[in-house]
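Here the structure is laid out as structure tokens; the discussion comes afterwards.
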Amino acid sequence: MAQRLAGRVALVTGSTGGIGRAIAAAYAAQGARVLVTGRRAAEGEKLVAELAEAGGEAQFIPGDLSDGTGVAALAEAALRAAGGCVDILVNNAAALVGGRPTTATDETLIDTVLATNIKAPVLLTAALVPAMLERGRGVIVNVGSVNGSIGMNGAALYGASKSALHSLTASWAAEWGRLGIRVNALAPGPTETAWNETHRDYLAQLVATAPSGRMSRAEEVASVAVFLASDEAAHVHGAVVPVDGGMVAVRGLL
């Protein structure tokens with residue numbers, strides 16, 4: 001069976017751990033040359049080695065998306081590594097915030113979340129899209145969240161940032177769809193990652209509403225990311241695809 005992403009270069013932000021790591025591994029398994037990026041160099045190099053051992057191709061590029069300078073440096077390095085054009089961009093990196101009431105939210109935290117979760121995807125996408133437009137094709141996959149669609153106690157700031165990313169997904173689809181660029185998003189629910197494991201009690205209120213009755217596995221989220229990046233999703237534009245065990249679909253109905 002042919003590999004679904006063979007011959008394509010994919011940049012996956014925040015891919016040194018969690019969902020991003022699973023997406024990078026899934027893309028490599030499907031033939032993509034993956035540009036792994038994040039702030040944890042040791043984890044990034046470890047993943048590159050693991051992917052190579054499994055027969056995949058990957059390269060680690062250090063990346064700090066907390067400010068515009070870091071985003072610009074990553075975009076330049078990614079374009080250079082990709083030979084001038086990244087085929088697939090996955091905007092996955094995010095500042096995670098949960099269990100924090102709005103009254104305990106300060107300006108520093110607001111700036112951190114908005115810089116990483118909104119400003120960085122906008123700047124990085126804007127930097128990589130021109131090469132896609134010149135070639136007439138490209139794929140952008142944004143990693144949103146169920147928190148972008150439903151309210152959750154203690155997740156107002158994080159949810160607002162993910163809601164903005166969902167909105168950007170629709171706007172970019174309208175802006176570039178007819179020019180050959182497909183833009184879609186994933187909306188994972190609570191997923192089995194290291195960060196979520198330390199917040200399992202907090203996330204229990206969401207997991208309890210899911211028909212699946214459990215958290216998602218990162219590999220399950222990654223499989224949908226593969227579909228959205230592949231030619232099988234050629235007529236899917238501007239979608240926000242829940243990967244949450246059904247919790248958004250039945251929210252308020254149980």
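Within 6.0 Å of CG on Asp106 lie more than 12 heavy atoms contributed by other residues, nucleotides or ligands.
Looking at residues two or more places apart in sequence or on another chain, you find no side chain to side chain donor-acceptor pair (under 3.5 Å) involving Gln30. Applying the side-chain contact (heavy atoms from CB on, under 4.5 Å) rule to Ser163 yields no partners; only residues at least two apart in sequence or on another chain are considered.
The shortest side-chain heavy-atom distance between Arg39 and Asp64 falls under the 4.5 Å cut-off. Contact check for Val241 versus Phe227: no side-chain heavy atoms found under the 4.5 Å cut-off.
Atom CH2 in Trp176 sits 9.0 Å away from atom CE in Met132 (nearest 0.5 Å). Taking OG from Ser149 and NZ from Lys162, the interatomic distance works out to 11.5 Å, rounded to the nearest 0.5 Å. Once rounded to the nearest 0.5 Å, the distance linking CG of Leu96 with CG of Asn147 reads 10.0 Å. Note that the CG atom of Asn142 and the CG atom of Leu165 stand 4.0 Å from one another [nearest 0.5 Å]. Interatomic distance, Arg182 CZ to Leu228 CG, rounded to the nearest 0.5 Å: 7.0 Å.
Across all non-hydrogen atoms, the minimal contact from Leu89 to Val86 is N-CG1, 4.3 Å. Of all non-hydrogen atoms in Val12 and Gly20, the two that sit nearest each other are CG1-O, 3.7 Å. The two residues Ser15 and Leu35 come nearest to each other via the heavy atoms OG-O, 4.4 Å. Residues Thr169 and Ala239 share a closest heavy-atom pair of CG2-O, 3.9 Å. The minimum heavy-atom distance linking Pro242 with Val240 is given by the pair CD-O, 3.4 Å. Nearest heavy-atom pair, Tyr158 versus Val97, reported as atom, atom and distance to 0.1 Å: CB-O, 3.5 Å.
The pair Arg214-Glu220 counts as a salt bridge, with a side-chain nitrogen and a carboxylate oxygen less than 4.0 angstrom apart. The residues Arg21 and Glu50 are annotated as salt-bridged, a charged nitrogen and a carboxylate oxygen being separated by less than 4.0 angstrom. A salt bridge does not link Lys119 with Asp67: none of the charged nitrogens is closer than 4.0 Å to a carboxylate oxygen. Remark: Asp231 engages Arg8 in a salt bridge, criterion side-chain N to carboxylate O under 4.0 Å.
Using a 4.5 Å cut-off between side-chain heavy atoms of Ile, Leu, Val, Met, Phe, Trp and Tyr, with links allowed through other members, Val248 and Val236 fall into different hydrophobic clusters. Hydrophobic clustering places Leu133 together with Leu168 (ILVMFWY residues linked when any side-chain heavy atoms are closer than 4.5 Å, directly or through intermediates). The hydrophobic cluster containing Val183 also contains Leu128, counting ILVMFWY residues as joined when their side-chain heavy atoms lie under 4.5 angstrom apart, directly or transitively.
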| task | Please assess Leu74 against Ile61 for the test side chain to side chain contact (heavy atoms under 4.5 Å, CB included), listing each intermediate value before the final yes or no. | result | CA-CA 7 Å; Leu74 174 59; Ile61 301 175; 3.8 Å; yes
| message | Could you go through Val36 and Glu43, starting from their C-alpha distance and side-chain angles, then the distance that decides it, and tell me whether this counts as side chain to side chain contact (heavy atoms under 4.5 Å, CB included)? | response | CA-CA 10 Å; Val36 174; Glu43 290 298 321; over 6 Å; no
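The backbone N or O of Gly14 sits less than 3.5 Å from a side-chain atom of Asn92, completing a donor-acceptor pair.
Side-chain N/O atoms of Thr125 and Asn91 include a donor and acceptor closer than 3.5 Å.
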